[in-house]
> 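Got a structure for you, written out below as C-alpha cells; questions coming shortly.
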Number of protein chains: 2
Amino acid sequence: MVAVAESLKPATLTIADRVFDQVRQAIVQGEIPPGSKISEPVLAARYGISRGPLREALRRLESTNLVERRPNLGARVISLSNDQLLEIYVIREALEGMAARLAAERMTEDAIADLQRLLSQHRSEVERTDWQTYFQQEGDLDFHFQIVQGSGNQRLIDILCNDLYHLARMYRCQFGMKSDRAAVALKEHQLVADAIAERDGELAEWLMRRHIRTSRRAIERRLQR
Amino acid sequence: MVAVAESLKPATLTIADRVFDQVRQAIVQGEIPPGSKISEPVLAARYGISRGPLREALRRLESTNLVERRPNLGARVISLSNDQLLEIYVIREALEGMAARLAAERMTEDAIADLQRLLSQHRSEVERTDWQTYFQQEGDLDFHFQIVQGSGNQRLIDILCNDLYHLARMYRCQFGMKSDRAAVALKEHQLVADAIAERDGELAEWLMRRHIRTSRRAIERRLQR
DNA sequence: CCCCCCAAATATGTCGACACTTTCTCTTGA
DNA sequence: TCAAGAGAAAGTGTCGACATATTTGGGGGG
C-alpha cells in the first residue's frame with residue numbers, strides 16, 4: 001500500500017541487505033522501541049546470522065539516522081526529541097520546496113496525471129471518515145514522494161526518501177499522531193499539484209513550503225500541549 | 001587552515017575511524033583517483049589493518065557518498081558526472097538558503113562579528129592576487145561553513161558538512177577549478193553577511209540562493225566549453 | 001549506611017580463515 | 001581466426017575466535 005519505492009535493488013541480495021530491511025522495519029514500526037540499546041549478539045542470534053553482516057546493517061541504519069552508534073558503547077535506536085523532529089520539518093521545507101519547483105519544470109505530463117489521480121483518490125478516501133487518519137498519513141507521504149520523484153534530482157530523492165521520510169514515519173508510529181487537518185492538507189496538496197500542472201515553479205515552491213511550514217506549526221502546537 | 005570541523009570526536013578513536021579519515025582525505029585530495037576500484041585486501045595491507053575495520057570505513061565513506069559499493073563487485077571512488085555536480089548545487093541552494101535565513105534569526109552577535117572578521121580577512125587576501133585562487137576556494141567554504149553553523153539546525157549542519165562540502169572539495173581538487181569570480185563572490189558574501197547582521201532572514205535567504213545559483217551557472221558555463 | 005575500588009562478566013573492536021561470486025584466461029571446437 | 005566454455009585466480013561475503021573496553025556486581029573501608 002505504501003509506495004515508498006526502494007531504488008533499484010541489486011540482483012543478488014546479501015544477508016546484510018535483508019537484515020537491514022528487517023531491522024529498519026522493526027524500528028520504524030516501533031517493534032524495537034526508541035532509545036533502547038541494541039545488543040549485537042542478541043540481534044544476531046534473533047536473525048540467525050553472525051555479527052559481521054549485522055554490524056553492516058547497523059552501520060547502514062546509522063547512515064539513515066535511525067540508530068546512533070558510539071565507539072565501544074554500541075548502538076541505540078534514536079529517540080527523536082521534539083526539537084529534532086521540528087528540525088526535520090525545516091529541512092523538508094527547504095528541500096521539498098525546491099523539489100516542487102523542479103517538478104513544475106521537469107515533470108512529465110503522465111506523471112502529473114498520476115499525481116492528480118492520486119489526489120482524487122485521496123479525496124474520496126477522506127470522505128470516509130473511518131479510514132481517514134490512516135490513509136491520510138500514508139497518502140500524505142505518497143503525495144510528497146511523487147513530487148520528489150518528479151524533481152528528477154537523484155540526490156534530492158535519496159536524501160528525502162532514504163532518510164527523512166523513514167524518520168517521519170517512525171515518529172508517526174511512535175506518537176500515533178492522528179491528523180485532524182487531513183481535509184486542509186488535502187486542499188494544500190491540490191494547490192501544489194495545480195501549480196505544477198501549470199508549470200509555475202515559483203508558485204509551486206512557495207505553496208509547498210507554506211504547506212510544510214503549516215504542518216510543522218501544527219505539530220509544534222500539539223507538542224506544547 | 002581549513003576549518004571544516006569534525007563534530008565532536010569520541011574520546012576513544014577506533015581503527016575504523018582513523019582509516020576512514022585517512023581514506024577520505026586521500027579521496028578528496030585525488031590521491032585515489034575518481035572512478036578507480038578499491039580493493040579491500042590492497043587497502044587493508046596499505047594501512048596495515050585487517051579487512052574488518054577497512055570495510056567499516058568503506059561503509060562510512062559510502063554513507064558520505066564518496067564511494068559506491070555494489071554487492072559482490074566491491075567499492076569504487078565516485079566520479080561525479082557534470083549533472084551530479086550541478087545537482088549538488090541545487091541542493092545547496094535550497095539548504096544553505098534556509099541556513100542563511102535561520103542564521104539571520106538565531107546567530108549570536110559574537111558569531112556575526114566572527115563572520116565579518118572572516119570577510120575582511122578574505123578581502124585583504126583577494127588583493128594579493130597570487131594566493132587568490134587557493135584562499136578564495138577554501139575561504140569560500142569557510143564562509144559557507146560558518147553560516148551553516150550559525151543556523152543552529154544540527155541535522156542541516158550534518159548534511160552539508162559531512163556530505164556535500166566534502167564532495168565539493170573533491171570536485172575542486174579533481175578539476176583544479178580556479179575561480180575567476182573571487183571578487184564577485186566576495187561581494188555576494190558581504191551582502192549575505194550584512195543581511196544576517198541586520199537580522200533580515202528573508203533577504204539573507206534570497207541573497208544566499210542567488211549567490212549559489214550564480215556559482216552553479218558559472219560552473220555550468222565552464223563545463224559546456 | 002554509604003561510597004569507593006577492584007574483579008568478573010558482558011559487549012564491542014579486530015583479526016584470520018573459509019565459502020561463494022565474479023572475472024580473467026586458456027583451451028577447444030567450429 | 002574467433003567464439004564459447006571450462007577452469008583458475010582474485011575478490012567480496014560470512015563466520016567464529018581472540019583482544020580490548022565498558023558495565024556490573026560484590027567486597028572492603030570510611
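Just so we're on the same page: letters track the sequence lines, and every chain starts at 1.
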> For the helix from C/dC1-D/dG30 to C/dA30-D/dT1, what angle separates the axis at the start from the axis at the finish, each from five pairs, in steps of 10°?
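For the helix from C/dC1-D/dG30 to C/dA30-D/dT1, the axes at either end differ by 10°.
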> Listed by chain and number, what are the side chain to side chain donor-acceptor pair (under 3.5 Å) partners of A/Arg155, not counting sequence neighbours?
none
> With sequence neighbours excluded, what pairs up with A/Glu93 under the side chain to side chain donor-acceptor pair (under 3.5 Å) test?
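Listed in chain order: A/Arg209, A/Arg213.
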> Looking at residues at least two apart in the chain, or sitting in another chain, which of them share a salt bridge (charged side-chain N to carboxylate O under 4.0 Å, His left out) with A/Arg70?
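Not a single residue meets the salt bridge (charged side-chain N to carboxylate O under 4.0 Å, His left out) criterion with A/Arg70.
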> How long is the line joining CG of A/Leu54 and C1' of C/dA11, in whole Å?
13 Å
> Can you list the residues that meet the side chain to side chain donor-acceptor pair (under 3.5 Å) rule with B/Ser215, with sequence neighbours excluded?
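Expected list: B/Arg181.
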> Listed by chain and number, what are the side chain to side chain donor-acceptor pair (under 3.5 Å) partners of B/Ser63, not counting sequence neighbours?
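B/Ser63: side chain to side chain donor-acceptor pair (under 3.5 Å) contacts with A/Arg59.
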> So B/His144 and B/Tyr165, would you call those rings parallel, tilted or perpendicular, with 30° and 60° as cut-offs?
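Plane angle over 60°, so perpendicular.
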> In the 5'-to-3' direction, what one-character label does each nucleotide of nucleotides 7-19 of chain D receive under the scheme B = base within less than 4.0 Å of a protein heavy atom, S = sugar-phosphate only, - = no such atom?
----SBBBBB---
> Taking only residues two or more places apart in sequence, or in another chain, which ones meet B/Arg217 in a salt bridge (charged side-chain N to carboxylate O under 4.0 Å, His left out)?
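With sequence neighbours excluded, B/Arg217 shows a salt bridge (charged side-chain N to carboxylate O under 4.0 Å, His left out) to no residue whatsoever.
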> Output all residues satisfying ring-ring contact (aromatic ring centres under 6.0 Å, His included) with A/Phe143, sequence neighbours left out; order by chain, then residue number.
A/His189
